[in-house]
Asks: 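One structure, as structure tokens, below. Some questions next.
Only this structure's heavy atoms are used, side chains among them; waters, hydrogens and symmetry mates stay out.
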Amino acid sequence: MIRKNRSLVLERWRQSVLAFFPQKMHSATPLAEALSEVLAEILDALGESPERVGETVNRISRILAVQNFPPSKAMSLFFELKSILREMAPGNEKKKHWEEFQASIEHLTLQAFDSYMVHREKIYQLKVEESKRQTFMMSRRAKA
């Protein structure tokens with residue numbers, strides 16, 4: 001179903017994710033373009049090798065980690081995809097593949113959360129190091 005309706009699913013998902021950001025970010029900004037590209041890659045990678053999915057999840061997690069979102073909001077983009085597909089799936093399609101799809105989305109979400117937290121930790125580590133460096137430089141100037 002995703003492959004049949006790829007452009008519609010992607011556009012709805014893209015709009016849903018861009019709604020997390022201020023209105024000025026919705027147009028042709030580098031962030032909007034990067035998000036669109038990564039969302040398309042995630043859609044294409046669903047059901048494929050874990051390595052390929054892992055790479056794309058890492059990319060979107062890196063983008064979201066630098067935003068000022070709580071982890072729950074950042075990871076909700078995967079639940080948005082699930083909602084979009086639930087609405088679009090015909091009744092017999094829902095039952096046939098829904099459990100498998102739900103499991104893959106849950107796995108994807110957990111994988112994204114792990115990646116998101118690694119990136120967030122790195123950001124905070126860099127902030128602490130920068131703060132220490134600034135403090136050191138100020139103390140050197142004060143002694144001079």
Asks: May I have the step-by-step check of salt bridge (charged side-chain N to carboxylate O under 4.0 Å, His left out) for Glu80 and Arg12, ending in yes or no?
Replies: CA-CA 9 Å; Glu80 295 288 332; Arg12 286 186 61 189; over 6 Å; no
Asks: Where do Tyr116 and Pro70 come nearest, in terms of heavy atoms and distance?
Replies: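 For Tyr116 and Pro70, the tightest heavy-atom pair comes out as OH-C, 3.9 Å.
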Asks: As an exercise, state the distance from CZ of Arg59 to OG of Ser115, rounded to the nearest 0.5 Å.
Replies: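 One finds 12.0 Å between CZ of Arg59 and OG of Ser115.
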Asks: Examine Leu31 and Leu10 and state if one hydrophobic cluster contains both, with Ile, Leu, Val, Met, Phe, Trp and Tyr joined whenever side-chain heavy atoms are less than 4.5 Å apart.
Replies: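 Per the 4.5 Å side-chain linkage, Leu31 and Leu10 are co-clustered.
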Asks: Taking it one step at a time, do Val66 and Ile123 satisfy side chain to side chain contact (heavy atoms under 4.5 Å, CB included)?
Replies: CA-CA 8 Å; Val66 298; Ile123 290 168; 3.6 Å; yes
Asks: Are Leu108 and Leu110 connected in the hydrophobic side-chain network, where two residues link if heavy atoms are under 4.5 Å apart?
Replies: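 No, no single cluster joins them.
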Asks: For the atom pair CD1 (Ile84) and NZ (Lys82), what is the distance rounded to the nearest 0.5 Å?
Replies: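 Nearest 0.5 Å value for the CD1-NZ distance: 13.0 Å.
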Asks: Walk me through whether His119 and Asn58 qualify under side chain to side chain contact (heavy atoms under 4.5 Å, CB included).
Replies: CA-CA 9 Å; His119 293 299; Asn58 190 40; 2.7 Å; yes
Asks: Among the clusters formed by ILVMFWY side chains lying less than 4.5 Å apart, do Val57 and Val118 turn up in the same one?
Replies: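 Val57 does not cluster with Val118.
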Asks: Hey, could you give me the CZ/OG distance between Phe113 and Ser72, rounded to the nearest 0.5 Å?
Replies: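 That separation rounds to 9.0 Å.
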Asks: How far apart are the closest heavy atoms of Ile60 and Phe78, and which atoms are they?
Replies: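 Shortest heavy-atom separation between Ile60 and Phe78 comes out as CG2-CZ, 4.3 Å.
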Asks: Could you check whether any side-chain N or O of Ser83 sits under 3.5 Å from a backbone N or O of Phe79, counting only pairs where one atom can act as donor and the other as acceptor?
Replies: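 The answer is yes, because a donor-acceptor pair under 3.5 Å joins these two groups.
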Asks: Does a side-chain N-to-carboxylate-O contact under 4.0 Å join Arg133 and Glu130?
Replies: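 Looking at Arg133 and Glu130, the cut-off is met.
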Asks: In the structure I gave you, are the side-chain heavy atoms of Glu55 and Glu41 within less than 4.5 Å of one another anywhere?
Replies: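 No, their side chains stay 4.5 Å or more apart.
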Asks: With distance as the sole test, does Ser36 use its side chain to make a donor-acceptor pair with the main-chain N or O of Ala32 at under 3.5 Å?
Replies: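 Indeed, once roles are kept as given, a pair shorter than 3.5 Å links the two residues.
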Asks: Between Glu11 and Arg14, does any side-chain N to carboxylate O distance fall below 4.0 Å?
Replies: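 Salt bridge present between Glu11 and Arg14.
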Asks: What closest approach, in Å, do Leu77 and Trp13 show between heavy atoms, and which atom pair accounts for it?
Replies: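 So the minimum-distance heavy-atom pair works out to O-NE1, 2.7 Å.
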Asks: Taking atom CD1 of Ile63 and atom CG of Leu35, what is their separation to the nearest 0.5 Å?
Replies: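 Rounded to the nearest 0.5 Å, the CD1-CG separation comes to 5.0 Å.
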Asks: Does the separation of the ring centres of Phe69 and Phe21 fall below 6.0 angstrom?
Replies: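 Centroid separation for Phe69 and Phe21: below 6.0 Å.
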Asks: If you look at every heavy atom in Ser61 and Ala112, which pair is closest and at what distance?
Replies: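 Looking at all heavy atoms of both residues, the closest pair is OG-O, 3.1 Å.
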Asks: Rounded at 0.5 Å granularity, tell me how far OG in Ser16 sits from CG in Leu39.
Replies: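 So the OG of Ser16 and the CG of Leu39 are separated by 9.5 Å.
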Asks: Would you indicate whether the side-chain heavy atoms of Met88 and Leu8 approach each other to under 4.5 Å?
Replies: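 In short, these two side chains touch, coming nearer than 4.5 Å.
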Asks: Could you tell me which non-hydrogen atom of Thr56 sits nearest to which non-hydrogen atom of Val38, and how far apart they are?
Replies: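 Of all heavy-atom pairs spanning Thr56 and Val38, the closest is O-CG1, 3.6 Å.
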Asks: Assess the residue pair Leu85 and Asn5 against the criterion (side chain to side chain contact (heavy atoms under 4.5 Å, CB included)); give the C-alpha distance rounded to whole Å, side-chain angles, the decisive distance to 0.1 Å, and a yes or no.
Replies: CA-CA 10 Å; Leu85 292 172; Asn5 301 305; over 6 Å; no
Asks: Tell me the closest heavy-atom pair linking Arg120 and Ala65, and the distance in Å.
Replies: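 Closest heavy-atom pair between Arg120 and Ala65: NE-O, 2.8 Å.
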